[in-house]
Amino acid sequence: MEEGERKQPGVAREYRSEQIVVYWEPAYCIHTARCLEGLPQVFDVRRRPWIDITAASADAIAGVVAGCPTGALSFARLDGGPQEQAPADTEVTVWRNGPLFLRGRIRIVGADGSPVREATRVALCRCGGSDNKPFCDGTHRANGFRAP
Ligand code: SF4
Ligand code: FES
């Protein structure tokens with residue numbers, strides 16, 4: 001992953017083929033490694049760029065991207081293939097000693113009503129230590145957060 005872009009909300013990198021474009025927003029990536037395990041030929045942090053958009057089918061890439069629990073990865077199909085569909089009912093998954101993973105049509109607004117983020121997947125900090133609240137930034141691993 002390209003370290004220089006980390007922790008800057010709103011910064012997204014694009015990885016594009018004729019079939020699909022994948023966006024990666026490093027500020028929301030907490031290194032769950034699900035993408036690396038799902039398609040190691042596409043997602044490889046030892047390589048630059050770390051995403052090889054040509055190394056698998058658009059269907060396979062879309063499937064793994066949709067499994068990114070933080071929404072750091074998202075995609076748009078350019079070939080008429082199915083776009084990501086959010087579940088009709090919002091799902092909240094409690095991650096052991098870590099964040100809340102939300103999946104749905106999520107819209108987060110600030111105390112002043114200003115839009116913060118719209119996404120189908122987000123990870124919300126549960127430990128109180130994130131520098132990117134309300135989003136988890138992975139600090140729960142360093143601060144020893146333990147939930148009952
Ligand atoms: S699945 Fe998402 S949060 Fe996990 S390492 Fe990949 S981009 Fe980061
Ligand atoms: S739960 Fe991950 S930083 Fe707080």
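Numbering of ligands and ligand atoms starts at 1, following listing order. Just so you know, these numbers use all the heavy atoms, side chains as well, and skip hydrogens, waters and symmetry mates.
A distance of 8.5 Å separates CD1 in Ile106 from OG1 in Thr120, rounded to the nearest 0.5 Å. Considering CG of Leu100 and CD of Glu91, their distance stands at 13.5 Å, rounded to 0.5 Å.
Between the side chain of Ser130 and the main chain of Phe135, a donor-acceptor pair closer than 3.5 Å is present. Of the possible polar contacts, none joining the Thr90 side chain to the Gly104 backbone as a donor-acceptor pair under 3.5 Å is found.
Residue Cys29: an N/O/S atom is found under 2.8 Å from atom 8 (Fe) of ligand 1.
Close approach to Ile30 involves these atoms of ligand 1, each under 4.0 Å from a residue heavy atom: 3 (S). Of all atoms in ligand 1, listed by their number and element, those nearer than 4.0 Å to a heavy atom of Leu73 are 7 (S).
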Which pairs would a plain distance check flag for residues 141-148, meaning a side-chain donor or acceptor within less than 3.5 Å of a matching protein atom at least two apart in sequence or in another chain?
unit_1 : atom_1 : unit_2 : atom_2 : d
Arg141 : NH1    : Ile30  : O      : 3.3
Arg141 : NH2    : Ile30  : O      : 2.5
Asn143 : OD1    : Phe145 : N      : 3.1

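Heavy atoms of Trp24 approach ligand 1 to within less than 4.0 angstrom.
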Can you list the steps and then say if Val42 with Val22 is a side-chain contact (heavy atoms from CB on, under 4.5 Å)? CA-CA 11 Å; Val42 173; Val22 168; over 6 Å; no
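Closest heavy-atom approach to atom 6 (Fe) of ligand 1 within the set Cys136, Ala33, Cys35: this belongs to Cys35.
Around atom 2 (Fe) of ligand 2, protein N, O or S atoms at less than 2.8 Å comprise Cys136 SG, His140 ND1.
For the pairing with Trp24, the ring-ring contact (aromatic ring centres under 6.0 Å, His included) check across Trp50, Phe43, Tyr15 returns one residue only, Trp50.
Side-chain contact, Asp137 with Thr139: a donor N or O sits under 3.5 Å from an acceptor N or O.
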